[in-house]
Asks: 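Here it is, the structure, as structure tokens.
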Amino acid sequence: MSILVNKNSRVIFQGITGKAGGFHASQCKAYGTNVVGGVTPGKGGEFFENTVPVFDTVAEAVNKEGANVSCIFVPPPFAADSILECIDAGIELVLCITEGIPVRDMAEVKNALIGSNTRLIGPNCPGVITPGALCKIGIMPGYIHRPGKIGIVSRSGTLTYEAVWQVTCEGLGQSTCVGIGGDPINGSAHLDIIKLFNEDPETEAIIMIGEIGGDNEEKAAAYIKDHVKKPVAAFIAGSTAPEGRRMGHAGAIVSGGKGTAEAKIAAFKAAGIAVARTPSHMAKALLDVYSPKK
Amino acid sequence: MNIHEYQAKELFASYGIPVPKGYAINDRNGIESALAKFGDNEAIVVKSQIHAGGRGKGTFTTGYKGGVKVCKTKEDAKAAAEAMLGNILVTHQTGAAGRKVNTLYFTEASKIQKEYYLAIVMDRSSSKPVIIASTEGGVDIETVAEHTPEKLVKVFINPSLGIRPHQARQVAFALGFKGDTQKQCIKLLTSLYKFFWENDCSQVEINPLITTPEGNLVALDAKVNFDDNALYRHEKIVALRDFNEEDSKEIEASKFSLSYIALDGNIACMVNGAGLAMSTMDIIKQHGGEPANFLDVGGGATEAQVTAAFNIILSDKNVKGILVNIFGGIMKCDIIANGVIAAARNVKISVPLVVRLEGTNVKEGKELLSGSGLPLVTADSLDDAASKIVKLVKSAA
């Protein structure tokens with residue numbers, strides 16, 4: 001098995017008739033993902049690429065196609081509402097790719113997720129991929145992945161690709177890769193994904209990639225220290241970033257001496273996590289503590 | 001986005017939050033008429049308006065000390081204003097270059113009984129707005145948090161419900177207010193939360209919030225930050241943006257939807273993705289170099305954006321070398337390579353350029369680069385790229 005997504009995932013794309021949504025829906029479909037529909041209000045009844053039905057609402061896609069995963073490519077002013085629509089329709093997993101959603105909107109969404117059946121990944125994230133199930137939901141390039149036993153969780157998109165590529169170049173592969181997104185308020189934290197990897201029998205080892213800002217990585221480290229027996233390697237981006245400046249990701253900001261790379265690395269070391277000193281040693285750092293069964 | 005103190009106080013006043021009487025000017029000719037609005041025996045505070053803290057303890061490049069002055073007479077206030085306006089103020093937050101003071105704010109000098117601290121911030125850990133208050137005002141709140149955390153009260157607000165009366169009372173009691181002051185505090189908190197929420201603030205800070213000898217509350221300072229992602233729905237706030245306070249290269253970058261931050265080093269970098277861009281800075285430093293900037297060209301950069309990016313990084317006179325690091329995901333390496341080649345020809349790059357491409361269509365991309373005839377160096381990995389650019393810059397020096 002894997003985590004979050006697999007062969008049984010029935011995926012819809014919200015914003016499928018838009019340029020980015022359409023392009024990536026097409027790429028995911030080509031990779032092997034079971035794309036069962038799209039949602040664009042007002043375009044219900046049309047077909048995407050002549051085969052994928054487009055619905056006006058998420059609820060309709062759930063009723064008619066049994067959709068249980070949604071990937072959101074809706075522009076920032078409307079994206080939070082698209083997530084809320086998924087919660088109301090009972091979608092189990094939502095991957096929100098949209099970048100630039102107001103934090104206030106996400107605070108409301110986060111509150112609405114409490115007690116719901118929905119798990120949110122993102123926003124501002126690359127999505128999730130399980131190479132072994134040929135299930136790619138998001139914007140990551142499929143070909144760099146290879147089925148395997150290493151779980152990868154990261155706040156960043158391209159830095160995840162870097163880690164994936166290193167793992168693949170070592171002749172190993174990934175169980176599932178999860179981009180949780182770079183925003184200050186997001187649906188799932190490192191900790192949530194680490195718990196899933198820990199329980200997943202197909203995941204033997206974990207790479208965790210963090211960034212400066214917040215205390216997400218420290219919380220995950222504390223959990224790993226007490227509960228995770230699987231080998232874990234980690235990297236933190238932004239050790240050279242100046243305080244008080246937002247480094248592209250709204251979440252990547254060091255304020256008042258909090259969220260520094262040093263503090264996070266110290267927390268990792270205290271938890272027995274192998275820390276990659278440079279971003280080009282993420283796979284190598286893992287192999288220092290993990291001997292894959294060939 | 002940040003705004004000036006005088007702008008924040010004008011916004012506060014429009015929400016019924018008590019602030020001292022004050023007038024902003026940006027021209028020497030306005031000094032006298034602004035001072036005429038104060039009484040003859042009234043003490044006046046002259047405040048430099050820049051987006052940086054530590055103004056009071058700052059020094060002007062002219063040698064004049066203090067960017068904030070309490071003046072007992074109008075003559076003193078006029079002299080202070082003339083010494084500040086149009087000059088460059090250096091504080092511990094501005095860096096050595098300092099900031100030009102284009103605006104001054106004259107306010108009445110309030111009589112202070114006691115100073116308090118009050119802020120509302122969006123707390124990422126709980127995903128909720130949190131009110132932070134303390135009886136220890138007028139000092140660095142981080143110090144209070146570190147040494148006397150028991151003197152900080154935090155009240156978390158449910159974003160769907162907003163601030164509730166018992167929560168405002170909790171803060172007022174914690175600050176020890178009684179009678180009418182307590183009522184004022186509850187009203188102020190409710191208004192401040194409304195301001196915070198309606199305007200998509202990421203932080204609102206009043207330090208100090210004071211009580212006067214009569215028991216009235218006044219916001220003596222005001223610091224407000226807005227969520228950049230939400231500016232599209234706040235035209236009036238966007239109009240308050242002061243471009244003089246921003247790096248000209250950062251303004252240019254924002255026009256092309258590039259995420260650029262100027263730094264002090266001499267190796268410029270151009271990267272796709274924020275995490276990879278930060279890591280590229282880190283690895284340059286680990287190889288003994290200093291990054292000149294953070295630059296994320298995003299996931300779908302066009303040739304026009306790549307050209308703009310080259311122009312921006314080359315307008316930084318400190319730049320002695322450039323590292324381009326692209327992990328082509330959906331963006332194909334051959335397209336990026338064409339962008340780099342076209343841009344390099346257009347802007348005539350005269351410093352060493354190292355390009356590392358990985359990802360989709362990497363082979364085609366590398367062939368385009370090597371066939372371009374441009375004096376660029378290709379690299380196979382992040383490590384390789386960083387080590388090459390650092391060596392090239394050092395050997396050219």
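Reminder, nothing fancy here: chain letters follow the sequence lines and each chain counts from 1. Note: hydrogens, waters and symmetry copies are ignored here, and every other heavy atom, side chains too, is used.
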Asks: Would you say A/D183 and A/N124 are linked by a side-chain donor-acceptor pair, where the criterion is simply a distance under 3.5 Å?
Replies: yes

Asks: Determine, for A/K219 against A/D192, whether the closest basic-nitrogen to carboxylate-oxygen distance falls under 4.0 angstrom.
Replies: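 No salt bridge links A/K219 with A/D192.
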
Asks: Should the pair B/K128-B/D123 be classified as a salt bridge under the 4.0 Å nitrogen-to-oxygen rule?
Replies: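 Judged by the 4.0 Å cut-off on N to carboxylate O distance, B/K128 and B/D123 do not form a salt bridge.
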
Asks: Among the options B/S127, B/S381, B/S125, B/A230, pick out the one with the most heavy-atom pairs lying under 4.5 Å from chain A.
Replies: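 Most heavy-atom pairs under 4.5 Å with chain A: B/S127.
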
Asks: What part of B/L263 is in contact with chain A, defined as an atom under 4.5 angstrom from a non-hydrogen atom: side chain, backbone, both or neither?
Replies: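 Side chain only.
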
Asks: Using heavy-atom distances under 4.5 Å, tell me whether B/D264 contacts chain A through its side chain, its backbone, both, or neither.
Replies: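 Neither part, no heavy atoms under 4.5 Å.
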
Asks: State, without any angle test, whether A/T168 and A/Q174 hold a side-chain donor-acceptor pair at a distance under 3.5 Å.
Replies: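 There is such a pair between these side chains.
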
Asks: Checking B/M122 against chain A: side chain, backbone, both or neither under 4.5 Å from a heavy atom?
Replies: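 The side chain, not the backbone.
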
Asks: Any luck finding a side-chain donor-acceptor pair between A/T158 and B/N272 under 3.5 Å?
Replies: no

Asks: Chain B: which of A/I236, A/I185, A/N216, A/D215 shares the most heavy-atom pairs with it under 4.5 Å?
Replies: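 Looking at each of A/I236, A/I185, A/N216, A/D215 in turn, A/I185 comes out on top.
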
Asks: Which bit of B/E250 comes within less than 4.5 Å of chain A, counting heavy atoms only: side chain, backbone, both or neither?
Replies: side chain

Asks: Fit a plane to each ring of A/F73 and A/F13, take the angle between them on a 0 to 90° scale, and name the class: parallel (under 30°), tilted (30 to 60°) or perpendicular (over 60°).
Replies: parallel

Asks: If we define contacts as heavy-atom pairs under 4.5 Å, which of B/D228, B/I326, B/D282 has the most with chain A?
Replies: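 So the answer, after comparing B/D228, B/I326, B/D282, is B/D282.
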
Asks: Please determine if A/K284 and A/D288 form a salt bridge, counting it only when a charged side-chain N lies under 4.0 Å from a carboxylate O.
Replies: no

Asks: Measure A/P77 against the heavy atoms of chain B and call it side chain, backbone, both or neither at under 4.5 Å.
Replies: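 Both parts, backbone and side chain.
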
Asks: Need one label for A/I209: side chain, backbone, both or neither, based on atoms under 4.5 Å from any heavy atom in chain B.
Replies: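 Contact with chain B: none, neither part.
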
Asks: Specify which of B/P159, B/P291, B/C201, B/S202 makes the most heavy-atom pairs with chain A at under 4.5 Å.
Replies: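 The option with the most such pairs is B/P159.
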
